[in-house]
Amino acid sequence: MSMSGLPPASVLEHVVDVHCHPTDALHIPAESISRLPITICAMSSMESDQQLVHELALANPTRVVPCFGYHPWFSYRISISSSASKDDHYWNLFLNSSSPTEHNLTAFKQLLPLLPNPISLTDVLVELRRNLEAFPGAMLGEVGLDRVFRVPYDYSAAQRRLTPFTVPFDHQLAILEAQIDLAVELDRLLAESDFNNIDHCAQRTWDMVKIIAEVKGWALETEWIEDVEEDKWGTVRKLERNWLAFKMGQTTR
């Protein structure tokens, strides 16, 4: 199957990428945002990209569905207690044992200077509420749980060197539950744990649509016709129905 070429804009405007991280890019040109031919659900995952997603949604509100929240990979940067010092917070997460090993103590001494000051869960929820309320269609995401990932010394490094530390499951769960509680209060949808280049999103999403069409044996639209009987629907129309049902909190087919 060929993975190149895009259908007309009349078809693409019905296509939705329900999970992407465009703000991972160092820079998103304004023209890329304005020319975005499909709808994207832009995920947040850590402190630095909440505002970036906010700005992206403001720049193209018809094509960007913002999603705000903290991914489990960054949950260690959030403190349940607003009074804990940086040293105490990370010590309690990574070395909360009566007799930590020499290996772990050495790794902790190397890691601690590289870690940011923790932010309190209270402040996280205040910001999350502000962002969700600013966009009535915004979702919670990307959030979730990860039992096996290890904390890197430097997340932004081209080749990440991993520490021996994982984030205690109870800590991850407390962060997740607090975010979900807020989403439930505000009646918002949730995106759990892609592509990272907004210029490639239409092509890569369309490639995925074509794969779904092939696997399912469904027809694929090459032009958009408004009035089509349901038994003649193509892949785009069926996926769009699932997306609209998801937004309404309904079961998809």
Reported [atom1]-to-[atom2] distance for the pair [X] and [Y], which is rounded to 0.5 angstrom:
| X | Y | atom1 | atom2 | answer |
| --- | --- | --- | --- | --- |
| L176 | L145 | CG | CG | 5.0 Å |
| H103 | F108 | NE2 | CZ | 14.0 Å |
| L125 | R130 | CG | CZ | 11.5 Å |
| T222 | L220 | OG1 | CG | 7.5 Å |

Inset, instruction - Might you work through the side chain to side chain contact (heavy atoms under 4.5 Å, CB included) test for R77 and E47, ending with a clear yes or no? - result: CA-CA 9 Å; R77 301 179 181 182; E47 185 179 13; over 6 Å; no
Inset, instruction - Tell me, yes or no, whether the heavy-atom count around D231 atom CG, taken from other residues, nucleotides or ligands under 6.0 Å, exceeds 12. - result: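 Correct, the count exceeds 12.
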Inset, instruction - Mark yes when over 12 heavy atoms from residues, nucleotides or ligands other than E185 sit less than 6.0 Å from its CD; otherwise mark no. - result: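 More than 12 heavy atoms, drawn from other residues, nucleotides or ligands, come within 6.0 Å of this atom.
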Legend entry - Within the 6.0 Å centroid threshold, strictly below: F165 and Y90: no
Legend entry - H54/F135 aromatic ring centres below 6.0 Å: yes
[X] versus [Y], closest heavy-atom pair with distance:
| X | Y | value |
| --- | --- | --- |
| P152 | T163 | C-CG2, 4.0 Å |
| P72 | Q172 | CB-OE1, 3.4 Å |
| L95 | N104 | CD2-CB, 3.8 Å |
| I175 | S75 | CG1-CB, 4.2 Å |
| L140 | G69 | CD1-CA, 4.1 Å |
| A59 | I33 | CB-CG2, 3.8 Å |

Side-chain donor or acceptor of [X] paired with backbone N/O of [Y] under 3.5 Å:
| X | Y | result |
| --- | --- | --- |
| T106 | E102 | yes |
| K216 | T235 | no |
| E221 | V236 | yes |
| Q50 | M46 | yes |
| Q179 | Y70 | yes |
| S79 | P118 | no |
| D49 | S45 | yes |
| R160 | Y155 | yes |
| S82 | S120 | no |
| H171 | I78 | yes |

Check for me, please, whether [X] and [Y] land in the same ILVMFWY cluster - side-chain distances under 4.5 Å, paths through other members count.
| X | Y | answer |
| --- | --- | --- |
| V124 | L52 | no |
| L93 | F74 | yes |
| V167 | Y153 | yes |
| F149 | V143 | no |
| L173 | I180 | yes |

Legend entry - Test item: side-chain donor near acceptor, N96 and W91, under 3.5 Å: no
Legend entry - Any side-chain donor near an acceptor of the partner, S81 and S83, under 3.5 Å: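 A pair is found: one side chain offers a donor N or O, the other an acceptor, under 3.5 Å apart.
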Legend entry - Residues R188, E133: salt bridge by 4.0 Å N-O rule: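 Salt bridge between R188 and E133, a charged N being under 4.0 Å from a carboxylate O: no.
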Legend entry - Residues E214 and K210 bridged, charged N to O under 4.0 Å: no
Heavy-atom side-chain proximity of [X] to [Y] below 4.5 angstrom:
| X | Y | result |
| --- | --- | --- |
| Q203 | L6 | yes |
| L186 | L182 | yes |
| F94 | L115 | yes |
| M43 | C20 | no |
| L162 | V151 | no |
| N60 | T62 | yes |
| W224 | P8 | no |
| E13 | R63 | yes |

Inset, instruction - Determine, step by step, whether C67 and E142 satisfy the side chain to side chain contact (heavy atoms under 4.5 Å, CB included) criterion, reporting the C-alpha distance in whole Å, the side-chain angles of both residues, the deciding distance to 0.1 Å, and the verdict. - result: CA-CA 7 Å; C67 305; E142 178 183 5; over 6 Å; no
Inset, instruction - Would you mind telling me which of V15, D17, I38 makes a side-chain contact (heavy atoms from CB on, under 4.5 Å) with V209? - result: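 Only match with V209 under side-chain contact (heavy atoms from CB on, under 4.5 Å): V15.
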Legend entry - Charged tip of R237 within 45° of W218 ring normal and under 6.0 Å: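 Not flagged: R237 not positioned over aromatic ring of W218.
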Legend entry - From CA spacing to verdict: side chain to side chain contact (heavy atoms under 4.5 Å, CB included), V148, T166: CA-CA 7 Å; V148 299; T166 60; over 6 Å; no
Inset, instruction - Quick one: do L239 and W233 satisfy side chain to side chain contact (heavy atoms under 4.5 Å, CB included)? Show the steps, please. - result: CA-CA 10 Å; L239 293 177; W233 280 12; over 6 Å; no
Inset, instruction - Go through the steps to decide whether S85 and D87 satisfy the test side-chain hydrogen bond (donor to acceptor under 3.5 Å, both in side chains), and finish with yes or no. - result: CA-CA 5 Å; S85 67; D87 289 19; 5.6 Å; no
